[in-house]
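Reviewing the structure listed below.
Below, chains carry the letters A, B, ... as their sequence lines are ordered, and counting in each starts from 1.
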Amino acid sequence: SQTIHQWPATLVQPVGSPLSLECTVEGTSNPNLYWYRQAAGRGLQLLFYSVGIGQISSEVPQNLSASRPQDRQFILSSKKLLLSDSGFYLCAWSVPQVPAMEKLFFGSGTQLSVL
Amino acid sequence: RKEVEQDPGPFNVPEGATVAFNCTYSNSASQSFFWYRQDCRKEPKLLMSVYSSGNEDGRFTAQLNRASQYISLLIRDSKLSDSATYLCVVNIGGTYKYIFGTGTRLKVLA
């Protein structure tokens, strides 16, 4: 069965520090991968999605970036965090072109607090 | 106008009540529709897909109205454990983008 791992669960970082969040998927090949952010009391905002290794689409201009160095690995990064980067970051995957599997499945999320 | 809109609630209902949520979407190219459940500080979990003909899963019924561009979720015989935020999700046809509504909070009261 497919599983998705996301870490760390909680992170407290000072303003201006770098960020690296990692997500890996097991049990499937060539998944679509996503990074979402949920600010306190707000909906999920799509940040990046990827349909293959090295292929990244950005939805919102910001100081974040994403990379997909391996098929089932998705990394969210920042060189310098801002206060506004605080939020709940969620990695997700879906299986493309398989109608019964087109649903999104989420990792357990990372609660990031930038102080 | 937001791409996917939901009433934020909260909906406070007694145990055993029936409650309905609506969600509207603006992009007529939307192709797939889902309801997710999210507990506080947890990841969203798929509750059910929404099919054109309507579908039911136990106490939950989902319906889609493409002409009016809205989706509904009906929960019958509410349980305390149904308390959560319910997210409406739309997949834009021809893309890999899933757009989330801001969610509707449900509180089932004893």
statement: d(B/Glu43 CD, A/Tyr36 OH) to nearest 0.5 Å is 14.5 Å
message: What's the separation between atom CD in B/Gln38 and atom CZ in A/Phe106, rounded to the nearest 0.5 Å?
response: 8.0 Å
message: Report which part of B/Arg105 has an atom under 4.5 Å of a heavy atom belonging to chain A: side chain, backbone, both, or neither.
response: neither
- request: Would you kindly confirm whether B/Tyr70 and B/Leu64 end up in one hydrophobic cluster when ILVMFWY residues are joined by side chain heavy atoms under 4.5 Å apart?
  value: no
query: What about A/Tyr89 and A/Val15, same hydrophobic cluster or not, with Ile/Leu/Val/Met/Phe/Trp/Tyr joined at side-chain heavy-atom distances under 4.5 Å?
result: yes
- prompt: Is any side-chain heavy atom of B/Phe34 less than 4.5 Å from a side-chain heavy atom of A/Lys103?
  reply: yes
task: Please tell me if the side chains of B/Asn91 and A/Ser94 come closer than 4.5 Å, counting only heavy atoms from C-beta onward.
output: no
- prompt: Quick one: what part of A/Gln38 sits under 4.5 Å from any heavy atom of chain B, side chain, backbone, both or neither?
  reply: side chain
task: Please flag which part of B/Gln6 lies under 4.5 Å from any non-hydrogen atom of chain A: side chain, backbone, both or neither.
output: neither
task: Please answer: with hydrophobic residues joined when any side-chain heavy atoms are less than 4.5 Å apart, are A/Ile56 and A/Leu33 in the same cluster?
output: yes
query: When the aromatic ring centroids of A/Tyr34 and B/Phe100 are compared, is their separation below 6.0 Å?
result: no
- request: Evaluate side chain to side chain contact (heavy atoms under 4.5 Å, CB included) for A/Tyr49 paired with B/Tyr98, printing each intermediate quantity in order.
  value: CA-CA 10 Å; A/Tyr49 69 94; B/Tyr98 295 77; over 6 Å; no
message: Can you tell me how far apart CD1 (B/Ile99) and CG (A/Leu46) are? Round to the nearest 0.5 Å.
response: 6.0 Å
Distance (rounded to the nearest 0.5 Å) between B/Lys45 NZ and A/Phe105 CZ: 12.5 Å
- request: Identify whether A/Val51 and A/Leu104 are in the same connected component of the hydrophobic contact network (ILVMFWY, side-chain heavy atoms under 4.5 Å).
  value: yes
- prompt: When hydrophobic residues are tied together by side-chain contacts of less than 4.5 Å, even through go-betweens, does B/Leu74 share a cluster with B/Leu106?
  reply: no
query: Checking heavy atoms, do the side chain of A/Leu44, its backbone, both or neither come under 4.5 Å from chain B?
result: both
- prompt: Which hydrophobic side chains are connected to A/Leu115, either touching it within the sub-4.5 Å cutoff or through other members that do?
  reply: A/Val12
query: Taking only residues two or more places apart in sequence, or in another chain, which ones meet B/Tyr86 in a ring pair (Phe, Tyr, Trp, His ring centres under 6.0 Å)?
result: B/Phe21
